[in-house]
**Q** 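Take a look at the following structure, please.
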2 protein chains.
Amino acid sequence: MVDVAAAAGVSLSTASLAFSGNKPVSAETRDRVLAAAGALGYAGPNPLARNLRRGRSGVVGVAVGRLSTAFRDPAALPMLDAVSEVLDAAGLGVLLMPDGDEHAGLPLDAVIYDICGCETWGPYDDLVARGVPLVVVEGPAWPGATYVDVAHRRGAADVARHLHDLGHRRVATLTLDPSHPQREREAGLRDVHPDAEVIGPCASDLEAAQRAVGAWWDGGGAATAVVCQSDVQAAGVVLEARRRGMAVPHDLSVAGFDGVATPWLDLELTTVVQPLAEKGRAAARAVLSRIAGEVVDDVLLPVRMRVGGSTGPVPPQV
Amino acid sequence: MVDVAAAAGVSLSTASLAFSGNKPVSAETRDRVLAAAGALGYAGPNPLARNLRRGRSGVVGVAVGRLSTAFRDPAALPMLDAVSEVLDAAGLGVLLMPDGDEHAGLPLDAVIYDICGCETWGPYDDLVARGVPLVVVEGPAWPGATYVDVAHRRGAADVARHLHDLGHRRVATLTLDPSHPQREREAGLRDVHPDAEVIGPCASDLEAAQRAVGAWWDGGGAATAVVCQSDVQAAGVVLEARRRGMAVPHDLSVAGFDGVATPWLDLELTTVVQPLAEKGRAAARAVLSRIAGEVVDDVLLPVRMRVGGSTGPVPPQV
DNA sequence: CGATAGCATCGAAACGATTCGATCGAAACG
DNA sequence: CGTTTCGATCGAATCGTTTCGATGCTATCG
C-alpha cells in the first residue's frame, strides 16, 4: 500500500482511509488512490495485516463433531444454515471444526459448539485461556460459555402426557448416546412415565433404529408406545413395526422428536417440533453480541408438540 | 510475549523460539519461558500476528453453493469430509463459503470451488487479483485454476451402451440444471443414443424427480429406459414408476449416477460409481501443493459402472 | 477582523509475532 | 596454546495495516 500511496502522491494514512472509508477523504484524492491501485495491480488492503491491527480474524469456528455424521442428521442442517446466514451477513466466515483436530493456531473470534454427545472437548481450555467467546448449543455446562438450549424436557413431557392421555401405560423409549438433550428428554418422559423401559442407545439413523427396536422385540420387549429421540429414529421404528405386521398407530404408537421431514414415511409423525433455524440464529446472534463485548443472556427456545398420525389410543387388548 | 520474555529473563527472540521450536533452545531456558507464560496467563503466540508474519492464514475456503442444498446431496458429504480430513491433517481449517456472500476481507490461503451449476461466481476476480490458488472440482474452465474432474462422459457412455446392449432404443434422460457434469454426461449419453429425449431439468431431489418424470409421463412421454443424473433422482423415478404400476426393471429400466446408498429403495440401482472421497482428497492435495508453490497437474478421476437390479432387457412389446 | 470550527491530510506509533545476522562462550582440534 | 566450530542467545528489522494526535487550511461566526 505504501507504493500505491506514493504513486498517488498521498501519505500512507490517507491511502488507508481511501480504502477503508473510516474517515472522510476528498473524492478527488480517493479516485487518485484507486487509480494508482489499479495501475499497480494492488487488490486492496491485506486481510492478514488488517486482522492483526483490528485484533479480529473475522472467522467463527463451529464444532460439529465428525462432518459425515453431523450432516447426515436432518436436524443439523437447518441450524448450520441459519448460523451461516446470520454470520455471513455480519461479514464473518464459518469455519468447520471437526472433532479430534485441536485446531490450535487458527485465529477464531468465537466458537459455536454444537456436538451433542462429547462431554470432554480438546479445544475448550485453549479457548478459555485466549478469551475466545464460546456459545454452546444444547451442550454440557461449561464455565464462561453462553448457552442456547431447547425445552427438551418440556417437549418430552408433553409427548409423554399425550400418550398417557391416550391410555398408554407400557411405554418404551429409544435413546441416543448419553448427551445433554438425551438426558433432558428422558427426564421429561419420566416425569409422566417413571418406569418407561429404555431401548438402545442407538444412533439417529434409520437402519440403526430398525435394528435396535427389532432386537428389543426379539428379546421379548413389549410396549404399546415407543418414544424416540429423533424423527429419523421414529421412522425406523415405524418401518420395523410394519415389517413385523404391526399397524401404526393401531397396534403401536410411535413418537419422534425434531419435527423434520420424513420422506421415508407416508405418515405424519407425532413429534416435538423444535425451532431449528431459530436455534442457529440465536447461537449466531449470541456470538455477535459476545464478540461485541456485550453480556449475553442464555437462550431457552420453546418447542411445540405436533400430534400426527403415528400415535393413537392404546389397543383394547395387549 | 515481551512480558513473558522479561519475566523469564530472556530476550523476545528467545521466547519466540521457545514456543515455536524453530531453532534449538536449551531445555532449561524453555522451561523458564513456559513457566513464566503459565504464571502470566499467556496462552501462546497470537495467531493473528503469526499469520501476518508468515503470510498465511491457515484457512482454506470451500465454495459449496447454498449450504442447505449442497449438503442435502448425499454425494457432496463424503467429498467434503475427505477435503476436511486432508486439510485438517495439514493444520489447515476449512471455511464454508456459501454462495452470494462475497467473503471479501477474509484471508484465505486457497479456495476449493465445488458448486455444480454456478457459471459466474463473484469472488473469482478477487481471488485472481490476490493470487489465491483456486482448485475447481467439476466446474467450468477458468484461467489459472487447477482442475479435479471425474470421467462423467465416459461413465454416462458406459451406461448408455449397457442399455443399448439390453435392447433399449427409446431412452429418456432426467437432467439437472445446466452445469459442467450435466453437459458431459448428456454428451456421453448421446454418444450412444443421439436422439435421447430430455426430461427436466429438475433438482437432485426425490420429490422433484417424481414430479418431473410424472409430469412427463402425463404429457405422453414414453421410453423403455430413463437415465438419471444422480441416484437420488433415479430413486424418485423408480418410486414414481411403481406408483403408476410399472415394474422395475421389467417394464422400465432406470439408471442413476454417483453410487451412493439409497435407503429409500429395496433395489440396487444400476449406476456410475464415482470416487467421492478420492475426489475430495485429490482437491485437498491439489490445494496443499499449490499453497506450497508447486505446479499442479489437473486430475481426472475414473468411474466404474455398477450394474444393479434397476436395468433389464427391453420389454418384448412397448 | 480575530477567534473557532471543521475538514482533509500527514507522521508516527502501535498490533504481536518471526527471523536474519551478529555476538559470545565453550568445546574441539591440531 | 591459538584457532576454528558450534550452539545458545540477542538486537533489530520486518510483515502491512489502522488509528491517534497534530497540522494546516479554509469557512463560519460574532
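We name chains A, B, ... by the order of the sequence lines, and we start the count at 1 in each one.
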**Q** Could you tell me how far apart B/N22 (CG) and C/dC20 (C1') are, to the nearest whole angstrom?
**A** 13 Å

**Q** Where the side chain of B/M1 is concerned, which of D/dC10, C/dA17, D/dT17 is the nearest nucleotide?
**A** C/dA17

**Q** Applying a 3.5 Å limit to both distances, which nucleotide forms a Watson-Crick or G-U wobble pair with D/dA8?
**A** C/dT23

**Q** Once rounded to the nearest 0.5 Å, what's the spacing between atom CG of A/L87 and atom CG of B/L96?
**A** 11.5 Å

**Q** Do the side-chain N or O atoms of A/N46 get closer than 4.0 angstrom to the phosphate oxygens (OP1, OP2) of D/dC15?
**A** no

**Q** Quickly work out the B/L17 CG to C/dT18 C1' distance and round it to whole Å.
**A** 8 Å

**Q** Return the CG to CZ distance between A/L48 and B/R54, rounded to the nearest 0.5 Å.
**A** 12.0 Å

**Q** When you measure from the side-chain N and O atoms of A/S11 to the phosphate of C/dT9, is any distance below 4.0 Å, counting only OP1 and OP2?
**A** no

**Q** Which part of the nucleic acid does A/N51 contact within heavy-atom distance under 4.0 Å: base, sugar-phosphate only, or nothing?
**A** nothing

**Q** Which part of the nucleic acid does A/L48 contact within heavy-atom distance under 4.0 Å: base, sugar-phosphate only, or nothing?
**A** nothing

**Q** State the CD-CG distance between A/E294 and A/L288, to the nearest 0.5 angstrom.
**A** 9.0 Å

**Q** Looking only at side-chain N and O atoms, does B/S20 come under 4.0 Å of OP1 or OP2 in C/dA17?
**A** no

**Q** Identify which nucleotide among C/dC10, C/dA8, D/dC10 has an atom closest to any side-chain atom of B/T14, counting heavy atoms from C-beta outward.
**A** D/dC10

**Q** Using side-chain contact (heavy atoms from CB on, under 4.5 Å) as the criterion, point out the one residue from A/L34, A/L17, A/T14 that pairs with A/T29.
**A** A/T14

**Q** Only pairs with both distances under 3.5 Å count, Watson-Crick or wobble alike; so what is the partner of D/dT26 in this structure?
**A** C/dA5

**Q** So for B/S13 and D/dG11, does any side-chain atom that can act as donor or acceptor lie under 3.5 Å from a complementary atom in the base?
**A** yes

**Q** For B/S16, which contact category applies under a 4.0 Å heavy-atom criterion: base, sugar-phosphate, or nothing?
**A** base

**Q** Report the relative orientation of the aromatic rings in B/W121 and B/W142; use parallel for angles under 30°, tilted for 30 to 60°, perpendicular for over 60°.
**A** parallel

**Q** Can you tell which of C/dG11, C/dA17, D/dG11 lies closest to the side chain of B/R50?
**A** C/dA17

**Q** Confirm from the modelled atom types if B/R53 and D/dT14 form a donor-acceptor pair under 3.5 Å, side chain to base only.
**A** yes

**Q** By nearest atom, which of the nucleotides D/dG16, D/dT19, C/dA8 is closest to the B/L52 side chain?
**A** D/dG16

**Q** Indicate, with a heavy-atom threshold strictly under 4.0 Å, whether A/Y42 touches base, sugar-phosphate, or nothing.
**A** sugar-phosphate

**Q** Mind calculating the distance between CZ (B/R130) and P (D/dT17) to the nearest angstrom?
**A** 8 Å

**Q** Considering every strand and a 4.0 Å limit on heavy-atom distances, what is the contact class for A/V10: base, sugar-phosphate, or nothing?
**A** sugar-phosphate

**Q** Calculate the interatomic distance between B/R32 atom CZ and D/dT9 atom C1'; express it in whole Å.
**A** 11 Å

**Q** Angle class for the B/H180/B/H152 ring planes (parallel below 30°, perpendicular above 60°, tilted otherwise)?
**A** perpendicular

**Q** Atom CZ of A/R30 and atom P of C/dC7: how far apart are they, to the nearest Å?
**A** 15 Å

**Q** Both A/K23 and A/L12 contact DNA chain C. Which one's nearest nucleotide lies toward the 5' end?
**A** A/K23

**Q** Let's test this: given Watson-Crick or G-U wobble pairing with both distances under 3.5 Å, identify the partner of C/dA28.
**A** D/dT3

